Amino acid sequence: MHFEHKITEPKCNDFLALEKDLNSSLETITADTGESSFSREDFCHATDACIVVYDKDKAVACGLFRKHSATTCELKRMYSSVQGGGSYLIKQLESYAVQKGYVYAVLSTRKINKTAVSFYKHHGYKEIRPYGKYVLTDRSICLGKDLTTLVTH
């Protein structure tokens with residue numbers, strides 16, 4: 001597969017269609033769509049980024065990051081419908097986050113979503129202390145990654 005990506009916004013039709021598939025998948029796995037953890041209205045082009053991945057002009061993966069702190073971004077709404085799309089997507093998100101000045105990335109997913117947990121760990125994310133709304137729940141796992149190793153000089 002030959003992937004390409006587009007930096008867009010979470011209101012674009014391709015993102016919305018993939019997010020619908022994500023919600024359905026999460027509902028099946030975790031009994032929750034995860035939608036309550038992200039608000040489109042809070043998306044800010046200056047600090048956040050949304051990416052849709054394409055294979056032969058077909059949207060196959062989506063994800064975004066938002067500002068968590070001055071140096072940390074939070075990955076959200078990641079989904080891929082094809083093998084390899086998620087790996088391509090996370091590399092693009094991390095690269096763009098570094099371009100925006102972030103040095104660390106965090107995320108949270110449900111522990112029961114073992115495929116997602118394994119995927120993130122495979123891509124260098126390590127378990128961290130719960131943050132934000134995840135502090136008070138034991139069903140989520142929070143993961144983080146140092147992005148400074150991605151910087152090329």
Side-chain angles (χ1 to χ4, degrees), residues 1-40 43-45 47-68 71-128 131 134 139-153:
M1 294 191 180
H2 178 70
F3 296 117
E4 296 180 355
H5 69 280
K6 179 168 67 172
I7 296 169
T8 184
E9 60 182 59
K11 292 180 183 177
C12 91
N13 289 335
D14 288 338
F15 183 88
L16 292 171
L18 287 164
E19 188 181 40
K20 184 178 177 185
D21 293 343
L22 167 66
N23 290 345
S24 176
S25 177
L26 289 176
E27 180 82 54
T28 301
I29 297 166
T30 70
D32 184 348
T33 64
E35 283 184 295
S36 65
S37 296
F38 174 70
S39 170
R40 258 176 239 350
F43 185 81
C44 173
H45 288 281
T47 57
D48 307 342
C50 177
I51 292 179
V52 175
V53 175
Y54 296 87
D55 180 29
K56 297 180 185 146
D57 296 326
K58 181 179 188 242
V60 297
C62 67
L64 56 87
F65 65 79
R66 66 180 176 190
K67 181 180 180 179
H68 181 71
T71 59
T72 302
C73 67
E74 180 182 28
L75 300 184
K76 303 296 292 179
R77 310 307 290 159
M78 289 197 43
Y79 175 76
S80 176
S81 63
V82 297
Q83 185 75 23
S87 293
Y88 178 86
L89 171 65
I90 201 165
K91 287 176 185 155
Q92 299 310 314
L93 284 168
E94 290 171 348
S95 175
Y96 198 51
V98 168
Q99 289 177 42
K100 285 205 175 252
Y102 295 111
V103 296
Y104 198 71
V106 296
L107 63 94
S108 178
T109 192
R110 296 283 179 100
K111 291 176 185 175
I112 196 170
N113 191 350
K114 296 196 183 308
T115 301
V117 173
S118 176
F119 170 83
Y120 292 121
K121 287 184 175 183
H122 175 76
H123 288 281
Y125 286 77
K126 300 193 181 335
E127 190 167 356
I128 60 172
Y131 61 89
Y134 308 110
R139 64 181 178 249
S140 295
I141 181 172
C142 293
L143 303 165
K145 181 177 179 179
D146 179 353
L147 300 178
T148 60
T149 60
L150 305 177
V151 179
T152 55
H153 299 285

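Nothing here was measured: the structure is a model prediction, and the numbers come from that model. Below, all heavy atoms of this structure are taken into account, side chains as well, without hydrogens, waters or symmetry copies.
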Undergrad: How far does CG of L89 sit from CG of L18, to the nearest 0.5 angstrom?
TA: 10.0 Å
Undergrad: What do you reckon, is NZ of K20 surrounded by more than 12 foreign heavy atoms closer than 6.0 Å?
TA: no
Undergrad: Under the rule for salt bridge (Lys or Arg N to Asp or Glu O under 4.0 Å), what residues qualify as partners of K145, not counting sequence neighbours?
TA: E94
Undergrad: Out of curiosity, L93 CG to L64 CG, how far, rounded to the nearest 0.5 Å?
TA: 7.5 Å
Undergrad: Passes side-chain contact (heavy atoms from CB on, under 4.5 Å), E74 versus Y131? Steps please.
TA: CA-CA 11 Å; E74 180 182 28; Y131 61 89; 2.7 Å; yes
Undergrad: Can you give me the closest heavy-atom contact between H2 and E4, atom names plus distance?
TA: NE2-OE2, 3.6 Å
Undergrad: Is there a side-chain contact between T115 and V117 (heavy atoms, below 4.5 Å)?
TA: no
Undergrad: Check F15 against G63 and note the closest heavy-atom contact, atom names and distance.
TA: CE1-N, 4.0 Å
Undergrad: If you compare all heavy atoms of L16 against all heavy atoms of K11, which two are closest, and at what distance to 0.1 Å?
TA: CD1-O, 3.3 Å
Undergrad: List for me each residue that meets ring-ring contact (aromatic ring centres under 6.0 Å, His included) alongside F119, sequence neighbours excluded, and say none if there are none.
TA: H123
Undergrad: Could you go step by step and tell me if I128 and Y104 meet the side-chain contact (heavy atoms from CB on, under 4.5 Å) rule?
TA: CA-CA 12 Å; I128 60 172; Y104 198 71; 3.4 Å; yes
Undergrad: Atom CZ of F65 and atom CG of L147: how far apart are they, to the nearest 0.5 Å?
TA: 9.5 Å
Undergrad: Would you indicate whether the side-chain heavy atoms of V52 and C12 approach each other to under 4.5 Å?
TA: yes
Undergrad: Could you tell me whether Y120 and H122 have their ring centroids closer than 6.0 angstrom?
TA: no
Undergrad: Within the 4.5 Å heavy-atom criterion, are T47 and R66 side-chain neighbours or not?
TA: no
Undergrad: Evaluate side-chain contact (heavy atoms from CB on, under 4.5 Å) for S140 paired with R110, printing each intermediate quantity in order.
TA: CA-CA 4 Å; S140 295; R110 296 283 179 100; 4.1 Å; yes
Undergrad: Considering only heavy atoms from C-beta outward, does the side chain of Y125 approach that of T109 to under 4.5 Å?
TA: no
Undergrad: To the closest 0.5 Å, what do you measure between OG (S80) and CG (L22)?
TA: 11.0 Å
Undergrad: Which heavy atom of T149 sits nearest a heavy atom of D146, and at what distance?
TA: OG1-O, 3.5 Å
Undergrad: Nearest 0.5 Å, please: how far is NZ in K121 from CG in L143?
TA: 6.5 Å
Undergrad: Please round to the nearest 0.5 Å and tell me the distance separating atom CD1 of I112 and atom CD1 of I141.
TA: 13.5 Å
Undergrad: Would one find more than 12 heavy atoms of other residues, nucleotides or ligands at under 6.0 Å from atom CD of Q99?
TA: yes
Undergrad: So do the side chains of V106 and Y134 get within less than 4.5 Å of each other, counting heavy atoms only?
TA: no
Undergrad: Quick one: side chain to side chain contact (heavy atoms under 4.5 Å, CB included) partners of D55, sequence neighbours excluded?
TA: M1, F3, V60
